[in-house]
Structures are given as structure tokens and as C-alpha cells.
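For reference, positions follow the sequence shown, starting with 1.
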Amino acid sequence: MELLRRVCQESGITPVASLHRVDLALEHADRIVGPAHGEIVYDGPAAGVTDEDLLVIYGGVPADEQADALPLSAQTVSLPTSAD
């Protein structure tokens, strides 16, 4: 990621990446654009992303219900099991 940042800065180009590793995105990106339900629900600096923003983006909570969403630290995630 550091190599990508350096090459882009030296070349004067803007990288666009789709990262589903939140930790990498928050560490290396200047700006985060987060879509959910076909609309952009966050567009701002990486340093400004909150647990509530991430829950809306990745948890599928509609933007108008964001205030009622639990922070990721309080969230329990259930993964589907195989239907074999």
C-alpha cells in the first residue's frame, strides 16, 4: 500500500481502490466513500469514520436508522451455515 501511495504521489495520479479490509482502508486512505443500499452513506476523511458509519456501510442498516445502530464493538455477527 505504501508503494502504491508513493507511485501515485510521484506520478500525480489518484488511486481508486475497493477495499473490504476496513483496517487497511482506514490506515492508508485519505478519503473513504461508503455505499449502502445503492446510495453513498459516507464520503469524507478516513480519520472521520465512526463505528456507526461502518455499521451502516457493512451491516446494511439504512442511513435513516443510523442513529439507532449499535457500534461494531457491541455487534454480534452470525454467519450462515452450509445447507448440506
Side-chain angles (χ1 to χ4, degrees):
M1 295 298 290
E2 289 301 321
L3 175 62
L4 177 62
R5 179 184 288 270
R6 184 173 50 82
V7 168
C8 290
Q9 285 176 340
E10 291 171 359
S11 303
I13 58 175
T14 301
V16 176
S18 176
L19 299 176
H20 293 271
R21 290 274 313 272
V22 175
D23 57 329
L24 288 177
L26 294 176
E27 181 180 347
H28 296 285
D30 296 321
R31 175 180 170 199
I32 302 287
V33 177
H37 303 286
E39 62 183 74
I40 294 174
V41 296
Y42 183 86
D43 184 354
V49 176
T50 65
D51 281 350
E52 289 79 15
D53 294 324
L54 294 175
L55 186 57
V56 171
I57 295 165
Y58 288 100
V61 177
D64 61 348
E65 295 176 16
Q66 179 176 1
D68 299 325
L70 292 173
L72 291 181
S73 57
Q75 179 183 359
T76 301
V77 177
S78 298
L79 299 176
T81 58
S82 176
D84 295 32

| Where Ala36 and Val56 come nearest, the two heavy atoms and their spacing | CB-O, 3.5 Å
| query | Same cluster for Ile57 and Leu26 if Ile/Leu/Val/Met/Phe/Trp/Tyr side chains link at under 4.5 Å? | reply | yes
| query | To which residues is Leu3 joined in a hydrophobic cluster, defined by side-chain heavy-atom contacts under 4.5 Å among Ile, Leu, Val, Met, Phe, Trp and Tyr, whether direct or through other members? | reply | Val7
| query | Transitive ILVMFWY cluster of Ile13 at side-chain heavy atoms under 4.5 Å: who else is in it? | reply | none
| field | Shortest non-hydrogen separation from Ala29 to Ala46 and the atoms involved | value | O-CB, 3.2 Å
| query | So do Tyr42 and Val49 actually touch side chain to side chain, heavy atoms under 4.5 Å? | reply | yes
| request: Please identify each residue that fulfils salt bridge (Lys or Arg N to Asp or Glu O under 4.0 Å) with Glu2, with sequence neighbours left out. | output: none
| salt bridge (charged side-chain N to carboxylate O under 4.0 Å, His left out) contacts in which one or both residues fall within residues 40-50, not counting sequence neighbours | Arg31-Asp43
| task | Please name the pair of heavy atoms, one in Tyr58 and one in Leu19, separated by the smallest distance, quoted to 0.1 Å. | result | OH-O, 3.5 Å
| field | Side-chain cluster (under 4.5 Å, hydrophobic types only) that Val33 belongs to, other residues | value | Ile40
